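Note that the structure is a prediction, hence the values are computed from the model and not measured.
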Amino acid sequence: MKKPGGAEKKKARRSSGALQNGVRDPNSDTPPRKQAAKKDVFQLFAEKVRDHKELVSRWAVLQETRVEYFRGKDFVSFLKNHPEVKEVLESERNLEAEDIANFLLRKNLLVRCDRVVKTVRPGKKKLSTWPAHLEIFPEQVFSENDAFFAWAFVKRRPLWQTLLSILWPVLTLAICLFPVYPHRCKLLILYSCAGILLLILSLLLLRATIFGAAWIILGKRVWFFPNILAEEATLRELFRFCPKKDEEEPPKWTARLFYAIVAVLVILLLRHHAPDEAARARYQKRVSNIIDDVLEWSPSLALSGMMEKQQPVVNETETASNFSNESESGSEKVIPPDSKGGGSVSGQPEGEDMESVEETDQHQHQHDSV
């Protein structure tokens, strides 16, 4: 007779083996709903960790796909500083950070990656902290030493992104209907867009000027708003004011002197070819006329302008036809003969007719007298 203790041990072994292999044991007493809930625990944990703002992450290209990734040491420090995140794991909340990461790797919620460029570029002292191009690491095991991990699941879209996707077609239609807006709305939109564009250009110009002056005078690379042109930066990182730490070697004095001379020559050249007051007035008048044409345009004015352009064409056609008819009738018109039998062509003066008649009478009188 078998002992009941041995049967319970075999049953426990079968259930643990089934959980590790991810397959439900038919002899297990655990309901399928509870097992599914245990599987979803790590999915909820991964979503919560990914949405947390304290975990430092970046965007990179992994096999022609943009992915969000983080470093292994940042994951360990994040779980140490925020142990409340592990409450989602319920019975597994006492696991270490390495074990939790290995569970996420097994469930294909994470993918371990490695940098594509593994050599130091010329002019730099060490490898980039956050590489822009990654590749899949052969061994999918968690590590803290120069290891990167990319999220392998699609992030849930927040509500504001859904609303923004709905508002995009409305915004496009509003832009297309700009010509029919009232005059005040056109002025508001025009000055707002011009102000934003001027602010962006001024910020970029000031940023470049400070960098050039610091590079030439001090030999240091100082970039204020270092992520203002970054594609992978978040909205919070995009407007970070603190300059980026210079990790490259200082420039040579010959290069600094050369670029200083080039900058002075460019400034003198621009000052020499700067437009005078009359040219600036002409440019301003031309631009103001273009802006006025855009602001004062309306459908009624457009329709009236089209009618005015068509009307002179019709009048000129009618005038040309009338002139041709009058010329034809004038050429064919002949003066009828008078009552005495003499006739004259139209347009001949009356004085000449009388003189010719008198000369004829004199010739006849001389002939009779002879």
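- Other residues sharing a hydrophobic cluster with Val67 under the 4.5 Å side-chain heavy-atom criterion for ILVMFWY residues are Val56, Leu62, Tyr69, Val111, Trp130, Leu134, Ile136, Phe148.
- Looking at Arg50 and Glu47, no side-chain N of the basic residue comes within less than 4.0 Å of a carboxylate O on the acidic one, giving no salt bridge.
- Summarising the geometry of Leu55 relative to Val49, their closest heavy-atom pair is CD2-CG1, 3.5 Å, with the distance given to 0.1 Å.
- Here the side chain of Asn102 pairs a donor or acceptor atom with the backbone of Phe142 at under 3.5 angstrom.
- Residue pairs meeting the side chain to side chain donor-acceptor pair (under 3.5 Å) criterion with at least one member in residues 200-209: none, sequence neighbours excluded.
- Geometric assessment of Arg106 against the ring of Phe103 yields a positive cation-pi assignment under the 6.0 Å and 45° thresholds.
- Atom NE2 of His52 has more than 12 heavy atoms from other residues, nucleotides or ligands within 6.0 Å.
- The closest side-chain heavy-atom distance from Lys86 to Leu95 is not below 4.5 Å.
- Note on Lys48 versus Glu87: no salt bridge recorded, every NZ/NE/NH1/NH2 to OD/OE distance being 4.0 Å or above.
- Under a 3.5 Å cut-off, the side chain of Arg112 and the backbone N or O of Val141 do form a donor-acceptor pair.
- Contact annotation: the side chain of Phe45 never approaches that of Glu92 to less than 4.5 Å [non-hydrogen atoms, C-beta and beyond].
- Shown here is Lys118, whose NZ atom has more than 12 heavy atoms of other residues, nucleotides or ligands within 6.0 Å.
- Between the Tyr181 side chain and the Ala174 main chain, a donor and an acceptor come within less than 3.5 Å of each other.
- For residues 139-152, the pairs satisfying side chain to side chain donor-acceptor pair (under 3.5 Å) are Arg115-Asp146, with sequence neighbours left out.
- No side-chain donor-acceptor contact under 3.5 Å links Arg221 to the backbone of Trp215.
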